[in-house]
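To start, the structure itself, in structure tokens.
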Amino acid sequence: MSRTRFSLNLLDKVQLSLLGAIFLSSTFAVYKVHSFIAGSLFISYLISYFLSKTLLKNENDFNKLTDFLSYCACAISIIGIFQYFTKLSFVIKGIPIIAPMQGGRINSICYNTLILSSFLAFTIPIFISFFIKGYKRIFLVTTIILSLVSFFLTLSRGPAISLIISIIFLFCLLNKKVAAIILPIILIVICFIFTPLKTRFLDTSYLSGDIKRKVTVIPGIRMWKEHSILTGVGIHNFYLLYENYALPSYCYKGPHYIHCMYLNFLVESGIIGFLVLMLIFIILTRWGWQIYKRNIDFKRWISAALLASFLNVLIHNIADNTPYVIGLGILFWAGMGIISGMKDSMEKC
């Protein structure tokens with residue numbers, strides 16, 4: 001009787017190493033219990049990674065996943081667009097089902113604008129790739145239009161910049177060079193003719209929220225240097241320690257993270273966790289590129305879409321930290337699992 005041998009590939013092992021680095025950081029954290037609880041969030045990401053790697057095997061599976069994401073994006077976008085024109089909010093016993101708009105920015109059912117814009121920015125390249133492939137074009141073009149309208153109504157600057165770059169990259173991968181020029185130009189023009197979004201871009205250096213984000217950098221570096229540079233201060237401990245390190249005039253209850261994924265991970269998990277995370281991104285990019293280059297079937301389209309979506313995340317998170325949002329983190333790690341699974345199947349061929 002033959003037995004199927006269970007084995008871990010390189011990315012699997014590095015994912016487990018990341019979880020180990022996070023719990024190592026929690027062991028030496030300033031607030032250990034809090035760090036262990038916050039660090040357990042990455043267990044759900046690891047589960048998402050292995051589930052997507054195991055369950056998504058063929059083209060039909062990926063078509064179903066695209067359908068599911070499309071239905072979600074359409075529903076969320078329609079609610080968001082309706083919210084923009086009606087100022088809709090829906091709160092039950094203090095729990096926001098549809099949170100009130102802030103500064104004219106929609107959030108739909110995603111609690112805040114960052115979650116909504118980040119979700120759409122991650123999925124739009126996937127919809128575009130499958131549309132070009134020829135899958136359900138009427139449905140997907142409707143999804144893309146609704147998603148883009150809702151996306152711009154969030155008035156999000158970082159996600160807008162990273163989305164434009166990722167779309168250019170995607171079209172170049174798919175040899176659609178004319179579209180790589182035309183569509184980004186259209187999106188840039190929208191950014192400058194849609195007055196609320198244009199105003200947010202022009203006022204970047206003056207908005208109080210932006211200033212509060214910038215002044216978290218120095219306190220973060222100081223607390224990291226004063227504790228352990230190898231294991232950091234502990235997951236989500238920046239939030240608890242911020243008041244002790246805040247600059248004069250900015251000593252308020254701290255933000256939940258530094259608005260830079262790379263610096264935040266260095267501060268909270270130390271050099272060990274930071275290097276493991278960077279290794280994950282390097283392997284992910286390398287494997288995604290190998291799958292794209294070596295395949296002509298559906299795997300080529302999926303790898304191109306995910307490479308563009310990952311690029312969006314990596315650029316956007318220079319000025320944000322979306323992996324700390326559980327829904328976005330699960331989506332991101334599921335994408336990693338897809339790349340890992342396709343890499344395994346490619347090696348077996």
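Side chains included, hydrogens not; waters and symmetry mates left out as well; all remaining heavy atoms used.
- Proximity of Y324 to E268: side-chain heavy atoms (C-beta onward) are separated by under 4.5 Å at one or more points.
- The aromatic ring centroids of F139 and Y71 lie less than 6.0 Å from each other.
- Counting heavy-atom neighbours within 6.0 Å of R286 CZ, excluding the residue itself, gives a total of 12 or less.
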Candidate pair K299 and S345, rule side-chain hydrogen bond (donor to acceptor under 3.5 Å, both in side chains), full reasoning: CA-CA 10 Å; K299 294 177 184 176; S345 64; 3.0 Å; yes
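- Judged by the 6.0 Å distance and 45° axis criteria, K87 is positioned over the aromatic ring of Y84.
- Note that CG of N312 is 9.5 Å distant from OG1 of T123, once rounded to the nearest 0.5 Å.
- Of the possible donor and acceptor atoms, one in the side chain of S129 sits under 3.5 Å from a partner among the backbone N and O of W301.
- Here the side chain of S40 pairs a donor or acceptor atom with the backbone of I37 at under 3.5 angstrom.
- The shortest side-chain heavy-atom distance between W287 and N9 falls under the 4.5 Å cut-off.
- A distance below 6.0 Å separates the ring centres of Y292 and W289.
- Rounding to the nearest 0.5 Å places CD1 of I124 at 11.5 Å from CG of L170.
- By the rule that hydrophobic residues join a cluster once side-chain heavy atoms approach within less than 4.5 Å of another member, V267 and M278 end up as members of one cluster.
- Between S166 and L163, some side-chain heavy-atom pair lies under the 4.5 Å cut-off.
- Aromatic rings of F62 and F130 (six-membered ring for Trp) have centroids beyond the 6.0 Å cut-off, not under it.
- A 4.5 Å side-chain heavy-atom check between L187 and L148 finds at least one atom pair inside the cut-off.
- A donor atom on one side chain and an acceptor atom on the other are not found under 3.5 Å apart for N321 and Y262.
- A distance-only check finds no donor-acceptor pair linking the side chain of S89 to the backbone of I98 [under 3.5 Å].
- Counting only heavy atoms from C-beta outward, the side chains of F82 and I106 never approach each other to under 4.5 Å.
- Separating the OG1 atom in T143 from the CG atom in D67 is a distance of 9.0 Å, to the nearest 0.5 Å.
- In this structure, Y49 has its ring center no closer than 6.0 Å to that of W333.
- Here the closest heavy-atom approach between residue Y45 and residue V325 is recorded as OH-O, 3.6 Å.
- Rounded to the nearest 0.5 Å, atoms CZ (F281) and CG (L311) are 12.0 Å apart.
- For the residue pair T322 and N317, a side-chain donor N or O sits within less than 3.5 Å of a side-chain acceptor on the partner.
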I164 and F169: CA distance, side-chain angles, deciding distance, side chain to side chain contact (heavy atoms under 4.5 Å, CB included) verdict: CA-CA 9 Å; I164 291 170; F169 177 71; over 6 Å; no
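- Of all heavy-atom pairs between L306 and I126, the closest is CD2-CD1, 4.3 Å.
- Taking every heavy atom of both residues into account, N237 and Y31 meet most closely at OD1-N, 2.8 Å.
- T231 contributes no side-chain N or O that, together with a main-chain N or O of S228, makes up a donor-acceptor pair within less than 3.5 Å.
- Cation-pi check for R222 over Y245 is not met; the charged atom does not lie both under 6.0 angstrom from the ring centroid and within 45 degrees of its normal.
- Applying side chain to side chain contact (heavy atoms under 4.5 Å, CB included) to N264 and the options T216, I258, D320, V217 leaves one that passes, I258.
- With rounding to the nearest 0.5 Å, the separation of NZ in K133 from CG in N63 is 6.0 Å.
- The closest donor-acceptor contact from the side chain of D61 to the backbone of N58 lies under 3.5 Å.
- At a cut-off of 3.5 Å, with distance as the only test, no side-chain donor of S269 or S25 sits close to an acceptor on the other residue.
- Using a 4.5 Å heavy-atom cutoff, the side chains of S340 and F50 are not in contact.
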CA sep, side-chain torsions, deciding dist, call: F310, F332, ring-ring contact (aromatic ring centres under 6.0 Å, His included): CA-CA 8 Å; F310 292 145; F332 189 31; 5.3 Å; yes
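- Ion pairing of E59 with K64 is absent here, as no side-chain N (NZ or NE/NH1/NH2) approaches a carboxylate O to less than 4.0 Å.
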C172 and K177: CA distance, side-chain angles, deciding distance, side chain to side chain contact (heavy atoms under 4.5 Å, CB included) verdict: CA-CA 6 Å; C172 289; K177 295 181 180 179; 5.5 Å; no
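- Side chains of T154 and R105: a donor-acceptor N/O pair is absent below 3.5 angstrom, by distance only.
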Pair F238-Y257, ring-ring contact (aromatic ring centres under 6.0 Å, His included): steps then yes or no: CA-CA 6 Å; F238 170 82; Y257 49 77; 8.6 Å; no
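- Inter-residue side-chain proximity for Q15 and M336 is flagged as met; some heavy-atom pair is nearer than 4.5 Å.
- For A334 against S48, the heavy-atom pair with the smallest separation is CB-OG, 3.3 Å.
- Judged purely by atom type and a 3.5 angstrom limit, S17 uses its side chain to pair as donor or acceptor with the backbone of K13.
- The closest side-chain heavy-atom distance from K343 to L284 is not below 4.5 Å.
- From Q83, atom CD reaches atom OG of S150 across 9.0 Å, with rounding to the nearest 0.5 Å.
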